[in-house]
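Residue numbers start at 1 and run along the sequence shown.
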Amino acid sequence: VLSCSCLPDLREDEDPPCTAENKQVIERQCNVLKSDKFKECHSLVNPDDFIEICIYDMCQYDGMMSALCDIVQVYVDTCKNHGITIKWRNSTFCPLPCPSRSHYKDCVSACPSTCSDIYASSLCEKTEECTEGCECDDNYVLSNGNCVPLSSCGCTDDDNNYYSVSSLWSKSLTSK
């Protein structure tokens with residue numbers, strides 16, 4: 001005769017660590033996933049599990065907005081994997097911080113213009129692909145991860161090797 005006995009479940013309660021009033025505010029914030037902005041995706045990706053995770057995480061981290069933004073980003077990415085693109089960020093809701101001389105766009109080129117290739121974004125073969133991100137302001141291009149004035153870019157030689165202004169300046173000093 002085989003006899004089995006179960007041990008009691010000693011795991012901590014799965015309820016999020018929230019005060020009653022805090023939980024109401026957090027639930028309202030997480031329920032943004034049920035709003036019209038995300039409605040197009042609801043039939044493909046049910047937002048309920050994401051909302052539950054959002055509530056738990058925001059309670060765990062005392063209402064930290066980045067927890068909300070992170071779960072909304074995961075939901076939006078999941079929707080995108082199902083072919084639905086949702087424009088959801090703005091200057092007041094989960095703004096994406098951009099470095100100086102750049103700005104947020106919901107669709108930036110996969111091939112940004114740089115000092116070494118100022119026409120990269122217009123010649124990019126991935127033109128149908130875009131992602132949200134930061135884009136350099138007008139008359140600025142990327143150089144070593146920073147947006148710099150186009151006028152401060154160096155030049156390329158006949159073999160398409162790029163030389164920064166500082167390297168050209170030091171070469172002109174050493175060649176004299």
Report the distance from atom [atom1] of [X] to atom [atom2] of [Y], rounding to the nearest 0.5 Å.
X	Y	atom1	atom2	value
C147	L142	SG	CG	5.0 Å
N139	R101	CG	CZ	13.0 Å
D62	T19	CG	OG1	8.5 Å
Y75	I86	OH	CD1	6.0 Å
L96	N90	CG	CG	12.0 Å
C153	Y140	SG	OH	11.5 Å

Would a hydrophobic clustering, with Ile, Leu, Val, Met, Phe, Trp and Tyr connected at side-chain separations under 4.5 Å, put [X] with [Y]?
X	Y	answer
F93	I55	yes
V32	M65	yes
I26	V74	yes

Next item on the list: Using a 4.5 Å cut-off on heavy atoms from C-beta on, say whether the side chain of N22 contacts that of C59.
Entry: no
Margin query: Is there a side-chain contact between C134 and P99 in this structure, where contact means two heavy atoms from C-beta onward sitting under 4.5 Å apart?
Written below: yes
Closest heavy-atom pair and its distance - [X], [Y]:
X	Y	answer
D137	H103	OD1-ND1, 2.7 Å
D48	N46	N-OD1, 2.9 Å
C41	I84	CA-CD1, 3.8 Å

Please answer whether the main-chain N or O of [Y] pairs with a side-chain N or O of [X] as donor and acceptor at a distance below 3.5 Å.
X	Y	answer
S113	I118	yes
H42	D36	no
S143	N146	no
N31	E27	yes
S102	C98	no
Y61	Y56	no

Item checked: CG/N81: more than 12 non-hydrogen atoms of other groups inside 6.0 Å -> yes
Next item on the list: Would you indicate whether N144, at its atom CG, is surrounded by more than 12 heavy atoms from other residues, nucleotides or ligands within a distance under 6.0 Å?
Entry: no
Margin query: I'd like to check the side chain to side chain contact (heavy atoms under 4.5 Å, CB included) partners of C54; sequence neighbours left out, ordered by chain and number.
Written below: C30, M58, L68, I71
Notebook entry, point to check: So, R89 and E132, do they make that salt bridge, N to O below 4.0 Å?
Noted result: yes
Notebook entry, point to check: Using 30° and 60° as the class limits, which term best fits the ring planes of W88 and F38: parallel, tilted or perpendicular?
Noted result: tilted
